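Lettering follows sequence order; numbering is per chain, from 1. Model, not experiment: these values are computed from the prediction.
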Amino acid sequence: MSFSQRTIFCGELRADHVGQTVTINGWAHKVRDLGGLLFVDVRDRTGLAQVIFPENTKAEIRSETVLSVTGTVRMRDEKNRNASQPTGDVEIAVSSFEILNQSATLPFPVSDEKQMEKVNEELRVKHRYLDLRRPVMQKKLKLRAASVKKIRNYLDDQGFTEVETPIITKSTPEGARDYLVPYRLEPGEFYALPQSPQQYKQLLMVGGVERYYQIAKCFRDESQRADRQPEFTQLDLEMSFVRQEDILGLIEGMTKSVVNELISEFDLGFEPIGDFPYLTHAESMRLYGNDKPDLRFGLEIFDAGSVVAESEFGVFASTVAGGGFVRGIRYPGGAELSRKQITELEDLVKQNGAKGLANFALVDPAMDAEGTRLLESGKRIKGGISKFLNASEVDALIELSGAEVGDLLLFVADSWSVSCEALSRLRLRIGTETGLRDPKKLAFGFVVDFPLVEWNEDEQRWDPSHHPFTSPKAEDIGHMSTDPGRVRADCYDIVCNGYEWGSGSIRIHSPELQAQIFDLIGVSKEAQQDRFGHILEAFQLGAPPHGGIATGIDRLVMLLLGEENIREVIAFPKMGNGYDPLMDAPSAVDEAQWTEMGLMLKPKK
RNA sequence: GGGGGUGUAGCUCAGUGGUUAGAGCGCCGGCCUGUCACGCCGGAGGUCGCGGGUUCAAGUCCCGUCAUCCUCGCCA
């Protein structure tokens, strides 16, 4: 079908073009029919332009009708200019137009941003091709594309080679659940979609590539969350002849360069990011209670155990005596919280395993109100456990927490893991409630020295905390046979604003050490050969020392846009159960396909 | 698999167990020559997610189920 092609983009029209005859192609964004006068805002990927039709034109133009419009650019009268639009000083006086495609009634108001913010998400995903017409959505696609392009440019400049690795490959059941692809030629055998290109990139190192990266699709059949999709995209990279600091230095340099350019080019409103702080895993657990701390604010957890070991408050004393921990956190300005608000905080920690939330507030010594206690030190405390504390305990707790008048101190007395879990949640809640989790701040950092393995209580065995190819720290290898939980790994995460953005490690390149690790995590000799024979063999044929990292592209774009849901930064996302409402996938297949694959459905019990 | 929320017109949402289930936007028709959230008048449009149950009477109460969002488990 022939049609008049555009000579200019809608969003480009300015006073400079007055007098020119132009053609635009696009969608009818808003139609304003005054009877004798017909105005249409035409939208293309660059913006909006108002066109005005000849008097008494009758035209079947509705929202999202696709148009080609030809006319003369003219200045609007002073009083008719629209300062809120870049093209608002001019308009196109239509001389001819074509309707290229009509639009039926829309399932949601594409051109009304205010209403679109509340539209049911499944409906938006089902009609994603409409949703994507919105400028806000196009901006997301563009930011994502620019992020990837800048990453590629940076790594290409650093001597990396981008290599594609297979999408149908071998199942590695010790990780997440695999997506499986039946193999037609040998019924009962399956490919799996990769959870990551982990083994391929290590084999590329053995292959002498030395510096590899890939913008890689990864697939994990696990239950979904706001920041997870069944298929997602990682920047995957691997380097040979490097130590941990080389990899972290490179990724920090890349991230600073890419993110700072994006912040300025896309006007994202963040301060430029600076050097990344380093935390050990142990420090992170001690100060923040988890391994992906939100470093936009302080409010570190403090250990009150030694202060309250002899406390009159029995829970504290007995917890310490029983080998447990009493740890606390400061809530700035929290002395003003109502009983109800404190109860809500207590509910939060209880949901995370804590038995309770002890607390007291530091208040103005001059405030001689009921429920407060003036201590001989001159400090006045209020509420909670204040009647059980003595002046020296309070002084020590103030010292530990940095509390000021008006602050509330909150305590969890429990096991190490429960106190971590509860206090890390509490810390984020406090950060949110006090506004310290600044949405216009990006706080990147490294968490290093993760433990090599973690005890799996259900299976009664050691599981790798990263993956089985992670190298133990040389100085800790001696503990491997005696106390595996003490062994630290050359393993690291890159975190940002409380998200794990990426993780990686120095890999094992010795077949003996690799076999030793498999033994430790309970992979039998037979299974080692069956599942990992190829990589063990490769390690006997000249494997260089190597290591790498993988970071989440989707999560980076989320962080840059301040989005809390990963679906918002994916062109065609799946819903929470992995369902794609646009394509209606997954879906049943023909009987013939079952047969061809040698498959049969097991009847439901 | 567990917990919590939501499901009523095309969209966003109201809706004390009791008349014919409403509003705004959108849609359709009419009027309208400077609109840009155009305006005015009129109209159409409903499997109250689905299936049972209680009741004289159910959008409303009960049971089940489905979808969806958040979350715990899970995510080497």
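In this structure, A/Arg76 contributes its side chain and A/Asn80 its backbone to a donor-acceptor pair below 3.5 Å. Within the 3.5 Å criterion, the main-chain N or O of A/Leu428 finds a donor-acceptor partner in the side chain of A/Thr432.
Listed in residue order, the members of residues 100-117 of chain A having a heavy atom less than 4.0 Å from RNA chain B are A/Thr105, A/Leu106, A/Pro107, A/Pro109, A/Gln115. Of the residues in residues 19-35 of chain A, those lying under 4.0 Å from RNA chain B by heavy-atom distance are A/Lys30, A/Arg32, A/Asp33, A/Leu34, A/Gly35. Residues from residues 521-534 of chain A placing a heavy atom under 4.0 Å of any atom in RNA chain B do not occur.
Residues meeting the side-chain contact (heavy atoms from CB on, under 4.5 Å) test with A/Val242, sequence neighbours left out: A/Met239, A/Asp246, A/Ile247. Applying the ring pair (Phe, Tyr, Trp, His ring centres under 6.0 Å) rule to A/His17 yields no partners; only residues at least two apart in sequence or on another chain are considered. Judged as a side-chain contact (heavy atoms from CB on, under 4.5 Å), and not counting sequence neighbours, the contacts of A/Lys170 are A/His534. Applying the side-chain contact (heavy atoms from CB on, under 4.5 Å) test to A/Glu113 and every residue at least two apart in sequence or in another chain returns A/Met116, A/Arg134, A/Val136. For A/Phe539, there are no ring pair (Phe, Tyr, Trp, His ring centres under 6.0 Å) partners at least two apart in sequence or on another chain.
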task: For each nucleotide in nucleotides 1-7 of chain B, reading 5' to 3', give B when a protein heavy atom comes within less than 4.0 Å of its base, S when such contact involves only the sugar-phosphate, and - otherwise.
output: -------
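The listed nucleotides are B/C75, B/C13, B/U68; the one nearest the side chain of A/Lys118 is B/C13. For A/Glu122, the listed nucleotide lying nearest its side chain is B/A67; candidates were B/C36, B/A67, B/U12. When distances run from any side-chain atom of A/Asn120 to the nucleotides B/C36, B/U12, B/G34, the shortest one goes to B/U12. Residue A/Leu123 places its side chain closer to B/C11 than to any other of B/C11, B/C74, B/C28. When distances are taken from the side chain of A/Arg62 to each of B/C27, B/G34, B/C69, the shortest belongs to B/C27.
Taking a pair to require two hydrogen-bonding distances under 3.5 Å in either a Watson-Crick or a G-U wobble arrangement, B/U16 remains unpaired. When Watson-Crick and G-U wobble pairs are counted only if both distances are under 3.5 Å, B/G59 pairs with no nucleotide at all. Nucleotide B/U65 has B/G49 as its partner under the Watson-Crick or G-U criteria, with both atom distances under 3.5 Å. Under the Watson-Crick and G-U wobble criteria, each requiring two contacts below 3.5 Å, nucleotide B/G26 is left unpaired. With a 3.5 Å ceiling on both atom-pair distances, the Watson-Crick or G-U wobble partner of B/G39 is B/C31.
At a threshold of 4.0 angstrom between heavy atoms, the contacts of A/Arg461 with the nucleic acid are absent. Nucleic acid contact class of A/Gln198 (heavy atoms, under 4.0 Å, all strands): base. Nucleic acid contact for A/Asp221: none, since no nucleic acid atom lies under 4.0 Å from a heavy atom of the residue. Counting any heavy atom pair closer than 4.0 Å across all strands shown, A/Asn577 reaches sugar-phosphate atoms only and no base atom. As judged by a 4.0 angstrom heavy-atom cut-off over every strand, A/Asp463 is placed among residues making no nucleic acid contact. Across all strands shown, A/Arg124 has no heavy atoms under 4.0 Å from either base or sugar-phosphate atoms. Base engagement by A/Ser196 is indicated by at least one non-hydrogen atom pair under 4.0 Å involving a base atom. Using a 4.0 Å heavy-atom cutoff across all strands shown, A/Glu91 reaches at least one base atom of the nucleic acid.
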List the atom pairs, donor and acceptor, that lie under 3.5 Å between side-chain atoms in residues 574-588 of chain A and the rest of the protein, sequence neighbours left out.
| residue | atom | partner | partner atom | Å |
| --- | --- | --- | --- | --- |
| A/Lys574 | NZ | A/Glu231 | OE2 | 2.9 |
| A/Asn577 | OD1 | A/Tyr579 | N | 3.1 |
| A/Tyr579 | OH | A/Asp584 | OD1 | 2.7 |
| A/Asp580 | OD1 | A/Leu582 | N | 2.9 |
| A/Asp580 | OD1 | A/Met583 | N | 3.2 |

Check residues 494-502 of chain A and write down every donor-acceptor pair under 3.5 Å in which the side-chain atom is one partner and the other belongs to a residue at least two apart or another chain.
| residue | atom | partner | partner atom | Å |
| --- | --- | --- | --- | --- |
| A/Asn497 | OD1 | A/Ala443 | N | 2.8 |
| A/Asn497 | ND2 | A/Lys441 | O | 2.9 |
| A/Trp501 | NE1 | A/Gly552 | O | 2.7 |

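The phosphate of B/C72 (OP1 or OP2) has a side-chain N or O of A/Arg425 nearer than 4.0 angstrom. Between B/C74 and A/Arg220, no contact under 4.0 Å exists linking OP1 or OP2 to a side-chain N or O.
B/C48 and B/C11 have their P atoms separated by 15 Å, given to the nearest Å. Spacing between B/C25 and B/G17 at atom P, rounded to whole Å, works out to 30 Å. Spacing between B/G46 and B/C13 at atom C1', rounded to whole Å, works out to 15 Å. Rounded to whole Å, the C1' atom of B/A67 lies 24 Å from the corresponding atom of B/C75. Rounded to whole Å, the C1' atom of B/G45 lies 14 Å from the corresponding atom of B/U8. Rounded to the nearest Å, the gap between the P atom of B/G15 and that of B/A23 is 15 Å. Between the P atoms of B/C36 and B/G30, the separation comes to 22 Å (whole Å). Separation of the C1' atoms belonging to B/C27 and B/U12 is 16 Å when rounded to the nearest angstrom.
Sequence neighbours left out, the pairs with a member in residues 49-83 of chain A that pass ring pair (Phe, Tyr, Trp, His ring centres under 6.0 Å) are A/Phe53-A/Phe97.
Electrostatic pairing of A/Lys201 and A/Asp236 counts as a salt bridge here, judged by a charged N lying under 4.0 Å from a carboxylate O. For the pair A/Asp112 and A/Lys30, the salt-bridge criterion is not met [side-chain N within less than 4.0 Å of a carboxylate O]. A salt bridge between A/Asp347 and A/Lys350 is absent, with no side-chain N of the basic residue lying under 4.0 Å from a carboxylate O of the acidic one. One finds a salt bridge joining A/Arg461 and A/Asp463 here, because a Lys/Arg side-chain nitrogen approaches an Asp/Glu carboxylate oxygen to under 4.0 Å.
Side chain A/Arg76 to base B/C36: a donor-acceptor pair is found below 3.5 Å. Taking only distance into account, the side chain of A/Arg74 meets the base of B/G34 through a donor-acceptor pair shorter than 3.5 Å. Contact of A/Gln351 with B/U71 (side chain to base): no donor-acceptor pair of N or O atoms is detected under 3.5 Å.
Of all the heavy atoms in A/Val453 and A/Pro464, the pair that sits closest is CG1-CA, 4.1 Å.
A donor-acceptor pair shorter than 3.5 Å can be found between the side chains of A/Asp178 and A/Ser171.
For A/Tyr492 and A/Phe450, the ring centers are positioned 6.0 Å apart or more.
Residue A/Ser63 is the one, among A/Ile52 and A/Ser63, whose nearest nucleotide of RNA chain B lies closer to the 5' end (criterion: closest heavy atom).
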